[in-house]
Number of protein chains: 2
Amino acid sequence: MPKTIKKSSATVHDRLARSIGERILAGEFAPGTLLPNEAEWGKIYDGSRTAVREAIKTLTGKGLLLSRPKIGSRVQPRERWNLLDRDVLSWHRSAIDRRSFAASTQEARRIIEPGIAELAAKKRSAEQLDRLVTALENMRKSKSVPQTVGADLEFHSALLQAANNALIVPFGIIIEQALANLFDYTSQRNPHFNLAVRLHENIVRAVVAQDGVGARHAMLKLIDDTDAVIAAVVKK
Amino acid sequence: MPKTIKKSSATVHDRLARSIGERILAGEFAPGTLLPNEAEWGKIYDGSRTAVREAIKTLTGKGLLLSRPKIGSRVQPRERWNLLDRDVLSWHRSAIDRRSFAASTQEARRIIEPGIAELAAKKRSAEQLDRLVTALENMRKSKSVPQTVGADLEFHSALLQAANNALIVPFGIIIEQALANLFDYTSQRNPHFNLAVRLHENIVRAVVAQDGVGARHAMLKLIDDTDAVIAAVVKK
DNA sequence: GGCAAGTGTTTTGTATGACAATTGAAAAAT
DNA sequence: ATTTTTCAATTGTCATACAAAACACTTGCC
C-alpha cells in the first residue's frame with residue numbers, strides 16, 4: 001500500500017472506521033446485512049462505545065450504513081455507497097482484484113478525461129495554463145518514481161481546475177487512484193516514459209491553442225498509452 | 001425543496017451536521033478557517049458535546065473538516081471536499097445560485113452521460129435492458145410531475161447500471177441533482193414533454209441495437225433539450 | 001543575550017455510566 | 001383471528017472525567 005498519509009492510524013475511531021469499512025468493501029458484510037451492535041464492536045476492537053459510534057457516523061456519512069434504534073446498523077445497497085469518496089475508493093482498491101480495478105478505472109477515465117481536456121482548452125485562464133505548464137516541466141525534470149507520479153498527478157489536477165467546473169473536480173480522485181494503482185503494479189519507472197511526456201506535451205499544446213477537439217484527442221492518446229503500460233505489466 | 005427523505009431532521013447530530021455543512025458550503029466558514037470548538041457548537045445548537053462530535057465526524061468523513069487536538073476543527077481546502085457526496089451536493093444546491101448550478105450540472109452531464117450511454121449500449125445485459133425499457137414505459141404512463149421525475153431518474157439510473165462499471169455509478173448523484181434542480185425551477189410539467197419522451201426512446205433504440213455511437217448521439221440530443229428547457233424557464 | 005528544556009493551557013480524543021426514544025416482536029385482550 | 005398492549009433490544013443523547021496532542025510561554029543554562 002502506498003503511503004497516502006503519514007499517520008498510520010492515529011486515533012481509535014479512525015482505525016475502526018478504516019477496518020470496518022474495508023471489511024464491508026471486501027464483502028464480509030453484504031448489503032442488507034445487519035452489523036454487530038455498537039457494544040460488540042467495542043469488544044471486538046477494544047474501544048469504547050463512543051469511539052465505535054464516531055466510526056459508524058463516518059461510515060454512515062459515506063453511505064455505507066444506515067442505523068436505526070432497536071434495529072442496528074444495516075449495510076446499505078451498493079448504489080448508495082459513495083464510491084468516489086477517497087477513503088471508500090482506497091478501501092475498495094485494497095479489497096478487490098487489482099487488474100479488474102485498473103480496467104474499470106481506465107474505462108471511467110476514458111469517459112471523463114477527454115471531456116475535461118476539451119473544457120479546459122476552451123475555458124482555461126492564463127494562471128491555470130501556467131500551473132499546467134509547470135506540472136509538465138516538473139515531470140520532465142523528475143529524477144525518481146515518486147517525483148514523476150507527483151508531477152503527473154499535479155498535471156491532471158491542474159487540467160481539472162482549468163475546466164472551471166466545481167462539479168467535476170471530485171473526479172480527480174479517480175485519476176489519483178488510477179495512478180496509485182498503476183504505481184502499485186509497476187513500482188518502477190514507466191518504460192515508455194519519454195513517450196508519456198510527449199503525450200502530455202501534446203495536451204498542453206492543444207490547451208495553449210484553445211483547441212478543444214485537439215485536447216480531447218490528445219487525452220485519448222494518453223489514455224491509450226496507459227492501457228498499453230498496464231497490458232505490458234500484466235504480461236510480465 | 002423536494003422531499004428527498006421523509007424525516008425532516010430526526011436526530012440531533014443529523015440536524016447539526018446538516019446545518020454546519022450548509023453554513024460551510026454557503027461560505028460562512030471559508031477554507032482554512034478555524035471553527036468554533038465543540039463546546040461552543042454545543043451551546044449554539046443546544047446539544048451535547050457527544051452529538052456535536054458525531055456531527056463533526058460526519059463532516060470530516062465528507063472531507064469538509066480536519067480536527068486536531070489543541071488546534072480545533074479547520075475547514076479543508078475545497079479540492080478536498082467530497083462534492084459528489086449526496087448531502088454535500090444538496091447543501092451546495094441550497095447555498096448557491098440555482099442558475100449557475102444548473103449550468104455547471106449540464107456541463108458535467110455533457111461530459112459524462114454520452115460516454116455512459118455508449119458503454120451501456122455495448123455492455124448491457126438483457127435484464128438491464130428490461131429495466132431501461134420499463135423506466136421508459138413508466139415515463140410514458142406518468143400522470144403527475146413527481147411520477148415523471150421519478151421515472152426519468154429511474155431511466156438514467158438504469159442506464160448507469162447497464163454501463164457495468166462500479167466506478168461511474170456515483171455519477172448518478174449528479175443526474176439526480178440535475179433533475180431535482182430543474183424541478184425546483186419549473187414545479188410543473190415540462191412543456192416539451194412529448195419531445196423528451198421521444199428523445200429517451202431514441203436512446204433505448206440505440207441501446208437495443210447495441211449501437212454505441214448512436215446511443216452517444218441520442219444522449220447528446222437529450223441534454224441539448226434539457227438546455228432548451230432551462231433556457232425557457234429562465235426567460236419566463 | 002540566545003538557546004534549550006520544561007511547564008502550562010487549550011482543544012480534541014476516549015471512556016464510562018445513565019437514561020430517553022424508537023420499533024420489532026411477543027403477549028394479552030377482545 | 002385481530003387488535004391492543006407490553007416488553008425488550010438497540011441506537012440516540014447527555015454529563016462527567018481524564019488522557020493525549022500541540023502550541024505558547026517561562027525558566028534555566030551557557
Side-chain angles (χ1 to χ4, degrees), chain A residues 5-21 23-24 29-77 80 87, chain B residues 5-21 23-24 29-77 80 87:
Chain A
I5 287 179
K6 310 126 205 222
K7 311 253 166 185
S8 54
S9 64
T11 69
V12 176
H13 61 252
D14 272 2
R15 207 184 77 226
L16 283 173
R18 173 161 32 235
S19 177
I20 298 176
R23 292 173 72 174
I24 293 174
F29 302 101
T33 308
L34 213 53
L35 256 51
N37 68 33
E38 296 171 349
E40 287 176 56
W41 280 125
K43 275 191 286 183
I44 295 173
Y45 284 99
D46 189 39
S48 69
R49 204 185 139 209
T50 309
V52 172
R53 279 185 62 77
E54 291 183 358
I56 286 184
K57 282 292 156 293
T58 299
L59 298 177
T60 302
K62 294 176 188 307
L64 298 185
L65 299 179
L66 184 67
S67 301
R68 308 193 63 183
K70 158 78 182 178
I71 310 295
S73 293
R74 181 156 259 134
V75 179
Q76 291 275 84
R80 307 285 303 182
D87 301 324
Chain B
I5 286 181
K6 307 125 205 217
K7 310 254 168 185
S8 54
S9 64
T11 70
V12 177
H13 61 252
D14 272 1
R15 207 184 76 227
L16 284 174
R18 173 161 31 235
S19 176
I20 299 176
R23 292 173 71 174
I24 293 174
F29 303 101
T33 308
L34 213 53
L35 257 52
N37 68 33
E38 295 170 351
E40 287 175 56
W41 280 125
K43 275 191 286 183
I44 294 173
Y45 284 100
D46 190 39
S48 69
R49 205 186 137 209
T50 309
V52 172
R53 280 185 61 78
E54 291 183 357
I56 286 184
K57 282 293 156 293
T58 299
L59 298 177
T60 303
K62 294 176 188 306
L64 299 185
L65 298 179
L66 184 66
S67 301
R68 310 194 62 183
K70 159 77 182 179
I71 311 295
S73 294
R74 181 156 259 136
V75 179
Q76 291 274 84
R80 307 284 304 180
D87 301 323

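We name chains A, B, ... by the order of the sequence lines, and we start the count at 1 in each one.
For A/V12, taking side-chain heavy atoms from C-beta onward, the closest of the listed nucleotides C/dA21, C/dA15, D/dC23 is C/dA15. Among the nucleotides D/dA15, D/dG12, D/dT10, the one closest to any side-chain atom of B/T11 is D/dG12. Of the candidate nucleotides D/dT13, C/dT12, D/dT11, C/dT12 has the atom nearest to the side chain of B/R53. Considering only side-chain atoms of A/A51, the nucleotide from D/dC14, C/dA15, C/dG13 that sits closest is C/dA15. Set against C/dG13, D/dG12, C/dT14, the side chain of B/K57 has C/dG13 as its closest nucleotide. In the set D/dT13, C/dG24, D/dA21, C/dG24 carries the atom at the smallest distance from any side-chain atom of A/K70.
Evaluation of atom-type donor-acceptor distances gives a pair under 3.5 Å for the side chain of A/R49 against the base of D/dG12.
Among the atoms of the strands shown, base atoms are found under 4.0 Å from some heavy atom of A/T50.
Between the CG atom of A/N37 and the P atom of C/dT23 there is a distance of 18 Å, given to the nearest Å. Separating the CD1 atom of B/I56 from the P atom of C/dT14 is a distance of 14 Å, rounded to the nearest angstrom. Computed from coordinates, the A/D46 CG to C/dA15 P distance equals 7 Å when rounded to whole Å. Nucleotide D/dC14 holds its C1' atom 20 Å from the CH2 atom of B/W41, rounded to whole Å. As a whole-Å value, the separation of A/L65 CG from D/dT11 C1' is 13 Å. Between the CZ atom of A/R74 and the C1' atom of C/dT22 there is a distance of 15 Å, rounded to whole Å. Taking atom NE2 of residue B/H13 and atom C1' of nucleotide D/dT13, one finds them 10 Å apart after rounding to whole Å.
For A/T58, the side chain to side chain donor-acceptor pair (under 3.5 Å) test picks out no residue, with sequence neighbours left out.
At C/dT14, none of the side-chain N or O atoms of A/S48 fall inside 4.0 Å of OP1 or OP2 (strictly under the cut-off). Residue A/R68 places at least one side-chain N or O under 4.0 Å from the OP1 or OP2 atom of C/dT23.
Ranked by how close their nearest DNA chain C nucleotide is to the 5' end, A/P69 and B/S73 are led by B/S73.
Here the side chain of B/R74 pairs a donor or acceptor atom with the backbone of B/G32 at under 3.5 angstrom.
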